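Below you'll find the structure, written out as structure tokens, and then a few comments.
Heavy-atom basis, side chains included; hydrogens, waters and symmetry copies ignored. Residue numbers run from 1 in the order of the sequence given. Note that this is a predicted model, so its numbers are computed, not measured.
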Amino acid sequence: MNSRFDRADHQYMARALQLARKGRFTTDPNPRVGCVLVRDGEVVGEGWHRRAGEPHAERVALAEAGERARGATAYVTLEPCCHHGRTPPCSEGLIEAGVAKVIAAMQDPNPQVAGKGLAQLREAGIAVACGLLENDARALNPGFIKRMQGQGPWVRLKLAMSLDGRTAMASGESQWITGEAARRDVQLLRASSSAVVTGVGTVLADDPSLNVRLGGADLGLPEDLPVRQPLRVVLDSAARMPADARMLGLPGETLVLAGEAAAPAAVERLRNGGAEVQTLPLDVERRLAWPGVLAALAEREVNEILLECGATLAGSALQAGVVDELIVYMAPHLMGDAARGLVHLPGVEQMSQRLELALQDVRAVGQDLRLSWYPKREG
């Protein structure tokens, strides 16, 4: 235990983290943040950031506490903001309320804040500490942190396979590899993502919806918060996607990332069908390059990507080194060696060329296993 913080500090910050997790499905593109105000050993105010444009966690907690905030300690999962955005600075709110101390789990990676909020509090005579349960706080917002550090969105690759590593029969039949509980778990992954990304090959083969089909009650949302549909993104260098694709008729936005050389008539056809189309340069192999794709999505404030695609695009992402997290659902059946494999990794012919993974988590989801891995990278 960090000697700067006692058991009570840990308990209150753990509660703040619990509150922050309530924003898992709604705060995008803002970070998930929770705040607890404590005075004389009593919690006098709590708050969590619900969605962009609404008050931040600190402001919600201060409103609940009222005058009882004076002399209190604020436990907040992210450094209070100090700049004017959609809402006024939280640092100023804490100063005006007369809190005595602020304990932050981590510094805000946003360059507009990045220590300035804590400095402003110190200058106002408020005691400040930072670093309590920092790893837990960082795990709440991997995409926001990564994007604010100029590294683009967090990329989560989701795959489903049989026990023998197969994703579809040789005919292409694939419904359903996993059980109902695993499919519901994928819905939760979609709901927590900024964007769901697939390739045009998957669209042509399966005509997927890529939407969130759970209701607000399923996600534990307050009645006044609607279910947020993630941005649906199709990588389609030649603009081959059908204008009557199922996803274009669903609530939410669909973005097609096409190559600059795509036929103007094909691009216009997709736009008339309801898609937004953005063209990007192609690489030497006439494919959309991952750096350009991720940069385009970062410009749209996309924090977390769920990549749901076929073996070729999945292998491309892994070989390009853009996958931050790999989630594999493994079903308890065998599909045979004629069935289709998990990922396509051309050029991997020797043991030294293997892509190494570090196992992070294993859990049962119904009758299936969910395995979470992080790719190993140098440094």
Side-chain angles (χ1 to χ4, degrees), residues 1-24 26-27 30-110 112-141 144-145 148:
M1 183 179 294
N2 191 315
S3 60
R4 291 186 298 161
F5 307 112
D6 60 23
R7 185 176 300 275
D9 290 330
H10 281 76
Q11 291 173 340
Y12 294 131
M13 186 61 80
R15 173 57 181 165
L17 289 163
Q18 185 180 42
L19 290 167
R21 291 187 189 98
K22 290 186 175 186
R24 174 184 172 191
T26 60
T27 64
N30 287 357
R32 299 134 183 165
V33 182
C35 178
V36 174
L37 291 171
V38 180
R39 190 173 79 173
D40 298 328
E42 177 188 359
V43 174
V44 295
E46 293 186 338
W48 55 283
H49 182 46
R50 298 181 359 137
R51 59 179 170 181
E54 292 192 7
H56 289 184
E58 299 94 320
R59 293 277 180 175
V60 175
L62 289 170
E64 182 179 288
E67 284 301 314
R68 295 181 298 172
R70 190 163 300 278
T73 295
Y75 296 84
V76 61
T77 60
L78 186 69
E79 174 185 6
C81 65
C82 58
H83 67 287
H84 286 271
R86 295 183 178 97
T87 57
C90 292
S91 56
E92 292 181 5
L94 292 165
I95 293 169
E96 292 166 1
V99 301
K101 186 174 183 178
V102 173
I103 298 179
M106 62 173 288
Q107 183 174 295
D108 193 333
N110 186 341
Q112 291 182 291
V113 185
K116 301 183 184 72
L118 296 176
Q120 188 179 47
L121 295 170
R122 289 191 187 95
E123 290 169 4
I126 296 174
V128 171
C130 187
L132 175 59
L133 298 182
E134 180 172 354
N135 288 339
D136 299 85
R138 296 182 70 86
L140 271 174
N141 296 295
F144 177 78
I145 294 169
M148 285 297 155

Exercise. Could you state the interatomic distance from CD (Gln120) to NZ (Lys116), rounded to the nearest 0.5 Å?
Worked result: 11.5 Å
Under 3.5 Å, which donor-acceptor pairs do the side chains of residues 58-66 form with other protein atoms, sequence neighbours left out?
unit_1: Arg59; atom_1: NH2; unit_2: Pro89; atom_2: O; d: 2.6
unit_1: Glu64; atom_1: OE2; unit_2: Glu46; atom_2: N; d: 3.1

Problem set entry | Donor-acceptor contact below 3.5 Å, side chain Arg39 vs main chain Gly71 | no
For this session: Kindly say whether Val44 contributes a backbone atom to a donor-acceptor pair with the side chain of Arg68 at under 3.5 angstrom?
Result: yes
Quiz: residues 94-107 side-chain donor-acceptor pairs under 3.5 angstrom, not counting sequence neighbours:
none

Seminar exercise, completed: CZ (Arg138) and CG (Leu78) are apart, to the nearest 0.5 Å, by 10.0 Å
Exercise. Aromatic rings His10 and Phe5: how do their planes relate, parallel, tilted or perpendicular, breaks at 30° and 60°?
Worked result: perpendicular
Exercise. Short question: side chain of Thr26, backbone of Arg50 - any donor-acceptor pair under 3.5 Å?
Worked result: yes
For this session: Measure the spacing between OG of Ser91 and CZ of Arg122 and express it to the nearest 0.5 Å.
Result: 12.5 Å
Exercise. Roughly how far apart are Leu132 CG and Met13 CE, rounded to 0.5 Å?
Worked result: 4.5 Å
For this session: Indicate yes or no for a side-chain donor-acceptor contact from Thr77 to the backbone of Gly34 under 3.5 Å, with no hydrogens or angles considered.
Result: yes
For this session: For the pair Tyr75 and Leu37, evaluate side-chain contact (heavy atoms from CB on, under 4.5 Å) and give the outcome as yes or no after the intermediate values.
Result: CA-CA 6 Å; Tyr75 296 84; Leu37 291 171; over 6 Å; no
For this session: For Gln18 and Arg15, test the side chains for any donor-to-acceptor distance below 3.5 angstrom and give the result as yes or no.
Result: yes
Exercise. Counting distance only, does the side-chain N/O of His49 pair as donor-acceptor with the main-chain N or O of Pro55 below 3.5 Å?
Worked result: yes
Problem set entry | Spacing of CZ belonging to Phe144 relative to OG1 belonging to Thr27, to within rounding of 0.5 Å | 9.5 Å
For this session: State whether the side chain of Asp6 and the backbone N or O of Asp9 hold a donor-acceptor pair below 3.5 Å, judged by distance alone.
Result: yes
Problem set entry | Nearest non-hydrogen partners of Ala137 and Leu17, listed with the distance | CA-CD2, 3.8 Å
Exercise. Could you give the distance from CG (Asn110) to CD (Glu79), rounded to the nearest 0.5 Å?
Worked result: 9.5 Å
For this session: Return yes if some donor-acceptor pair links the side-chain N/O of Asn141 with the main-chain N/O of Pro31 below 3.5 Å, else return no.
Result: no
Exercise. Residues two or more places apart in sequence or in another chain: which of them pass side-chain contact (heavy atoms from CB on, under 4.5 Å) with Lys22?
Worked result: Leu19, Trp48
